[in-house]
Amino acid sequence: MSFDRVRVRIAPSPTGDPHVGTAYVALFNYVFAKKNGGDFIIRIEDTDQSRYRGSSEDMILRSLKWLGLSWDEGPDVGGPCGPYRQSERREIHAAHAMQLVDRGLAYRCFCTAARLDGVRKEQREKGQTTGYDRHCRDLPVAEAERRMAASEPFVIRLKMPLSGVTKFDDALRGTVEIENQRLDDQVLLKSDGYPTYHLANVVDDHLMKISHVMRAEEWISSTPKHVLLYEAFGWEKPVFCHLPLLRNTDHSKISKRKNPTSLRYYERAGILPDALLNYLGLMGWSFGDNIEIFNVEEMTSRFELKGIHLGGPIFDQTKLNWLNNQYLQKLSDDRFVSLIRDQMFAPEILKALRPFVVERMDRLDQFVDKNSFFFNGALQYDAVPLVPNGKTAAELATMVSELVERLDEEYEWDMEHLKACFDAHREAIAWKPKDYFMSVRLIVTGRKDSPPLFESLVILGREMVRFRLRDALKFLRQ
RNA sequence: GUCCCCAUCGUCUAGCCUGGCCCAGGACACUGCCCUUUCACGGCAGCGACGGGGGUUCAAAUCCCCCUGGGGACGCCA
């Protein structure tokens, strides 16, 4: 038997802002599905309750819609293979894990996190590869039963073969193989009853009849584990295809620390969805005939998996801007007007702004100038005294980089949380409030006479604030 | 460290599979010129790459090997 229909999926994890890498993988999956008359599916992989963020799923779906990518099945539209949210499929995953235990292909492991940490630490010190030492692999059934009865927490691990080689064919790279003895006894089911990525992914891909697994390159090394799982269940494997990883300018995997990665940032920065999609289509793929400007339909008509170039492309803001300019020039009057009016000067933003700005202006014609920082992207820092008296640029830079770290940890973006976060940081480094907040104010708003700081931060949004802080950091360190 | 993946201008890439048409084409960026009351757009020109070494071959960016370099993975995260 083989798959009678092309079905692909993207499986974002709702742990934060919608990521540009998700859009990248989504585009290629989408185009591949359309090219082959298949289905494009979205499945939410929310199996990590510690990192789960309630609003994240909505933001992801919203951003993908903004881009204009539509899906045939997903958590919001449903479909024949639902539910499309993994947290709602826990019983299915647990049952599959148990099936493997019953067949002797998986086992219960009672090792504590502390023990595992210790094992890893020791391995690292000896210069060995870290991995589970299989302490519980051969636990007598009776003992396992006894400890279970005593309600000791446990996980279920897959019994990897101790010898031999596991191989799979990557649609772009050919055969990839790895010696089984290098494979860790992967956790399938966590002690909280949720599945790990590996289990949930394989089970759901199979149940959802996914024919091609197109995902980022970072998954290559765990693919053999997935292959072994397919084999343990006796299921037909999909075609695996690992896409290159988007990179920062320093060639590392793209990350929010070094590059804006949130789709919401690009939307707010006024990048047009078509331009972003077009740019993403240029990453590792080319249209041919020296044509660089194309839409998704055109990309679909020419798309071939084999045409994907495997070198990791650097996400270059400058070229994105150029492309966006090309699209801007082609916009119709109506579209241009509605974008400026509804997006740049959205009524919600103006309303949110009003209470803080009215008292600072005498005439309407001052509005744009006094509040330009709400609408601008990068600010000019050479004309403002960012560094307080008595401090050095290096000290300010250190302060800002710590602040960015702290803000990245802060999930809630409201007055209360921001204030607590800033106060804690300021106290920790013992800066005078005046120096501390004036520097932040200048960095974020570019001027001394701005509306109240926290209100401004809230309205500006996390993405723009992070962008400005990092931008200032670059300025301070140059 | 171990394993895996990758390797053409600074960046995105074409060419590589099916060696010769490639003293390597396009785009971004950069520089200069033109257009222009400014800036931008646009046009033109310039700068700029097959990582190194071995093979195979009449012939290698293209095939093979080694080295180097880069990246990823080594979690009860995905």
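Letters A, B, ... are given to chains in the order of the sequence lines, protein chains preceding strands, and every chain is numbered from 1. In this text, all values refer to a predicted model and were calculated from it rather than measured experimentally.
- Residue A/His226 forms a ring pair (Phe, Tyr, Trp, His ring centres under 6.0 Å) with just one option from A/Trp235, A/Tyr197, A/Phe240, and that option is A/Tyr197.
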TODO: Between protein and nucleotides 10-16 of chain B, map the contacts as a letter string: B base, S sugar-phosphate only, - none, heavy atoms under 4.0 Å, written 5' to 3'.
DONE: -SBSS--
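- The phosphate of B/rA78 (OP1 or OP2) has a side-chain N or O of A/Thr47 nearer than 4.0 angstrom.
- Out of B/rA78, B/rC76, B/rA29, the shortest distance to the side chain of A/Thr318 is found at B/rA29.
- Between the side chains of A/Tyr107 and A/Asp185, a donor-acceptor pair is found at a separation under 3.5 Å.
- The pair A/Asp170-A/Arg173 counts as a salt bridge, with a side-chain nitrogen and a carboxylate oxygen less than 4.0 angstrom apart.
- The 5' end of RNA chain B is approached more closely, in terms of each residue's nearest nucleotide, by A/Ile291 than by the other of A/Ile291 and A/Lys225.
- Comparing B/rG75, B/rG42, B/rG1 by their closest approach to the side chain of A/Gln326 singles out B/rG42.
- With 3.5 Å as the limit, one finds no donor-acceptor pair spanning the side chains of A/Trp71 and A/Asp39.
- Closest to the side chain of A/Arg182, out of B/rC6, B/rC4, B/rU2, is B/rU2.
- Annotation: cation-pi geometry not satisfied between A/Arg9 and A/Phe40 (NZ/CZ under 6.0 angstrom from ring centroid, within 45° of ring axis).
- For A/Ser221 against B/rC74, a side-chain-to-base donor-acceptor contact under 3.5 Å is absent.
- Cation-pi geometry between A/Arg108 and A/Phe154 is met: the NZ or CZ atom falls under 6.0 Å from the ring centre, inside 45° of the normal.
- Within the nucleic acid shown, A/Val155 comes within 4.0 Å of at least one base atom, counting heavy atoms only.
- Using a 4.0 Å heavy-atom distance criterion, A/Arg173 is classed as a sugar-phosphate-only contact.
- Considering only side-chain N and O atoms, A/Thr15 lies nowhere under 4.0 angstrom from the phosphate OP1 or OP2 of B/rC77.
- For A/Lys253, a side-chain nitrogen or oxygen approaches OP1 or OP2 of B/rA73 to under 4.0 Å.
- Using the Watson-Crick or G-U wobble rule with both distances under 3.5 Å, B/rA7 pairs with B/rU68.
- A/Lys190 has a side-chain polar atom (N or O) that falls below the 4.0 Å cut-off from OP1 or OP2 of B/rA78.
- Applying the 4.0 Å criterion to OP1 and OP2 of B/rG71, one finds that A/Arg247 has every side-chain N and O outside that range.
- Among the protein residues, A/Glu179 comes within range of no part of the nucleic acid, since none of its heavy atoms lies under 4.0 Å from any strand.
- Nucleotide B/rU31: paired with B/rA45 (Watson-Crick or G-U wobble, both distances less than 3.5 Å).
- Per the geometry, CG belonging to A/Leu172 stands 16 Å off C1' belonging to B/rC4, to the nearest Å.
- A/Glu218 and A/Lys253 are joined by a salt bridge, as a carboxylate oxygen and a charged side-chain nitrogen come within less than 4.0 angstrom of each other.
- Remark: A/Lys35 fails to qualify as a cation-pi partner of A/Phe32 under the 6.0 Å distance and 45° angle criteria applied to the six-membered ring.
- A/Leu245 has its CG atom 11 Å from the C1' atom of B/rC5, to the nearest Å.
- Using a 4.0 Å cut-off, no side-chain N or O of A/Arg120 falls inside it from OP1 or OP2 of B/rC74.
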